[in-house]
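Only this structure's heavy atoms are used, side chains among them; waters, hydrogens and symmetry mates stay out. Every value quoted in this text rests on a predicted model; they were computed, and no experiment measured them.
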Amino acid sequence: MPTKNGSQYLERLRLHPKDLWIEGGKVEDVTSHRAFSGCADSIASLYEMQHDVALSLKMTFTSDNDKSEGLSFITPTSKDHLIQRGNMMLSWARFSGGVLARTPDYMNVILMACSAASDFFGKEDGAFGQNIKNYFRYVMENDLTLTHTLVNVRKTKKYPSYAKGDDLGLHLVRERDDGIIVKGARILATLAPLSDEILVFPSSVIPTDKDASRYALAFGISCDTPGLKFLCREALSVGSSSFDHPLSSKFDEGDAIVIFDDVFVPWEKVFIFNNVEISNSAFSNTRAGPHINQQIVTKNMAKAEFLLGLAALMTEALSTHETPYIQALASELITVYEVSKACLEASISNAKMNEWGVMEPDSAPLSAAKSSFTSAYPRLIEILQLIGSSSLIAVPTDADFDSDIGDLLEKYLSTDTLDARQRTKLFRMGWDISISSFGGRQVLYERFFSGDPHRTAALNFASYDKELVKKRALDIIDRG
Ligand SMILES: Cc1cc2nc3c(=O)[nH]c(=O)nc-3n(C[C@H](O)[C@H](O)[C@H](O)COP(=O)(O)OP(=O)(O)OC[C@H]3O[C@@H](n4cnc5c(N)ncnc54)[C@H](O)[C@@H]3O)c2cc1C
């Protein structure tokens with residue numbers, strides 16, 4: 001099947017119900033469930049864009065077997081491919097103002113990089129290398145939607161889940177001729193309720209002792225595999241009204257705890273097996289990072305752009321746009337937006353072919369932009385609160401306007417430039433991104449979705465090529 005459209009996406013979700021739980025109940029059909037239907041429709045709209053002939057932008061490419069596939073699956077071999085892929089990513093990110101973070105391109109580029117680096121997975125047993133290539137092709141040719149999970153649950157954070165015999169984390173139970181049985185739990189899997197497949201990858205460093213190797217696994221399976229259970233956190237979309245809940249009614253992507261209750265994984269879906277060395281170096285050796293970071297920084301740029309536009313509209317509505325204090329606050333939004341844009345451009349200008357024959361965006365500007373966003377985002381939200389103040393709370397619902405006091409609301413909530421409903425619509429958007437529980441989850445997401453930001457920053461420093469800057473500093477020091 002070439003690129004799917006929106007109704008094919010929804011139909012597949014209906015035909016493959018997963019063992020999904022929320023708020024004490026099992027979900028029969030995500031596409032009609034109160035918690036998920038709004039976001040399901042939004043993701044369907046993204047897939048629909050792949051078929052929109054009126055879009056001037058390229059959303060697809062022709063694969064080596066002459067089929068039209070989504071551009072996020074392309075194996076880039078030129079800077080032009082990176083530019084095309086970046087434009088496609090931006091059009092998906094702009095659809096939600098960047099709040100829908102796990103658009104399917106996030107996972108598609110990870111799989112592309114892993115497939116290109118198949119020799120790494122197959123360095124001890126060629127079958128694992130072939131498996132990852134086949135899986136990538138299967139996902140691309142069926143245009144499947146993926147979630148992923150990296151982090152094991154732990155009884156205590158004093159020691160890793162594989163220490164002291166605590167078997168809570170995902171581990172191998174036994175081998176069979178046709179595959180493996182795995183058990184354990186992981187947190188989290190964002191977009192799991194609305195995904196077709198789950199990619200399970202190792203993240204933390206696993207010690208080299210024999211017992212720990214049971215945790216050194218990577219595989220990809222369908223979300224409706226028997227024994228696989230998802231518990232989604234409670235819904236953040238309190239209602240379906242896009243006036244009352246402009247973001248949460250459409251973009252609550254869901255975060256799930258994943259429980260593997262004796263799940264069977266066929267050998268052909270296993271990519272890493274009992275191999276601590278491959279497991280511990282998978283992310284760095286596949287070079288997936290710079291590709292994911294292109295998607296992440298593109299999303300960040302779209303998000304900063306959205307917040308900047310929103311802030312500008314709010315200041316005009318409140319007639320504070322010429323107040324220097326407010327202008328100075330809002331200028332921080334410009335900085336984040338422009339820095340994200342510049343880093344994306346720099347990453348493509350300095351892109352190079354990597355050892356797997358893939359054109360790789362320069363990771364340094366992308367890592368810098370990504371890292372700074374984890375602390376910039378909470379500040380951007382603080383700025384919206386400082387600009388909006390009580391106007392973010394004086395936001396009646398649609399039903400209030402239709403009630404007997406509707407006339408009074410029309411009278412008392414209008415501004416110089418906006419009538420009461422227009423003003424409320426604008427500030428409900430500000431409320432949903434900066435005050436609501438949906439907005440709170442967005443802040444937590446930006447801080448942590450890609451791991452502990454302090455450890456990520458430390459890694460950035462450790463892996464950054466510092467020789468040239470040290471030499472330049474020494475030149476100045478030694479000059480006397
Ligand atoms: C909204 C959301 C969505 C997510 N989605 C996904 C997903 O789709 N897939 C996925 O695999 N994961 C996902 N994650 C999980 C994410 O990968 C983890 O949250 C992240 O790796 C951090 O791990 P942790 O939450 O266990 O926090 P910890 O690592 O325990 O860190 C908690 C705090 O303790 C501090 N800390 C930790 N160790 C030390 C130390 N030694 N010294 C000092 N301070 C320390 C950290 O800096 C941090 O502030 C998601 C997380 C969130 C919040």
**Prompt:** Would Phe438 and His245 count as a side chain to side chain contact (heavy atoms under 4.5 Å, CB included) if you check the C-alpha gap in whole Å, the side-chain angles of each, and the deciding distance to 0.1 Å?
**Reply:** CA-CA 9 Å; Phe438 178 85; His245 309 282; over 6 Å; no
- Item | Residue among Arg441, Lys299, Arg379 satisfying salt bridge (Lys or Arg N to Asp or Glu O under 4.0 Å) with Glu446 |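 Per the salt bridge (Lys or Arg N to Asp or Glu O under 4.0 Å) rule, the option paired with Glu446 is Lys299, out of Arg441, Lys299, Arg379.
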Does the plane of the ring in [X] sit parallel, tilted or perpendicular to the ring in [Y]? Use 30° and 60° as the thresholds.
| X | Y | value |
| --- | --- | --- |
| Phe73 | Phe136 | tilted |
| Tyr135 | Phe271 | tilted |
| Phe373 | Tyr377 | tilted |

What pairs of residues pass the side chain to side chain donor-acceptor pair (under 3.5 Å) test when at least one of them lies in residues 342-353, not counting sequence neighbours?
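Sorted pair list comes back empty.
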query: Checking ring pair (Phe, Tyr, Trp, His ring centres under 6.0 Å) for the pair His148/Tyr106: CA distance, chi angles, key distance, verdict?
result: CA-CA 10 Å; His148 76 300; Tyr106 184 99; 5.7 Å; yes
Please check if any side-chain donor atom of [X] sits under 3.5 Å from a side-chain acceptor atom of [Y], or the reverse.
| X | Y | result |
| --- | --- | --- |
| Asp143 | Gln8 | no |
| Gln295 | Thr103 | yes |
| Tyr215 | Asn274 | no |
| Ser450 | Lys370 | yes |
| Ser436 | Asp432 | yes |

- Message: Once salt bridge (Lys or Arg N to Asp or Glu O under 4.0 Å) is applied, what residue pairs with a partner in residues 257-273 remain, sequence neighbours excluded?
- Response: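 Only Lys183-Asp261, Lys183-Asp262 qualify under salt bridge (Lys or Arg N to Asp or Glu O under 4.0 Å).
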Can you pull out every salt bridge (Lys or Arg N to Asp or Glu O under 4.0 Å) where at least one residue sits in residues 83-110? Sequence neighbours excluded, please.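 Qualifying pairs, neighbours excluded: Arg94-Glu305.
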Audit row: Arg447, Asp452, salt bridge (charged side-chain N to carboxylate O under 4.0 Å, His left out) steps and yes/no:
CA-CA 8 Å; Arg447 287 185 198 274; Asp452 169 7; over 6 Å; no
Sequence-distant partners of Asp196, side chain to side chain contact (heavy atoms under 4.5 Å, CB included), two or more places apart:
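Per chain and number, Asp196 pairs via side chain to side chain contact (heavy atoms under 4.5 Å, CB included) with Lys4, Arg12, Leu13, Leu144, Thr145.
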Legend entry - Test side-chain hydrogen bond (donor to acceptor under 3.5 Å, both in side chains) applied to Glu234 - qualifying residues, sequence neighbours left out: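 Counting only residues at least two positions away or on another chain, Glu234 forms no side-chain hydrogen bond (donor to acceptor under 3.5 Å, both in side chains).
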task = Using the test side-chain hydrogen bond (donor to acceptor under 3.5 Å, both in side chains), find all partners of Glu277 that sit at least two apart in sequence or belong to another chain.
result =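 Listed in chain order: Lys123.
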>> Nearest 0.5 Å, please: how far is OG1 in Thr147 from CD in Glu253?
In response: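 Reported to 0.5 Å precision, the distance equals 9.5 Å.
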For this session: Evaluate the side-chain hydrogen bond (donor to acceptor under 3.5 Å, both in side chains) criterion for residues Asp80 and Ser78: first the C-alpha distance (whole Å), next the side-chain angles of each, then the deciding distance (0.1 Å), finally the verdict.
Result: CA-CA 5 Å; Asp80 193 45; Ser78 66; 5.2 Å; no
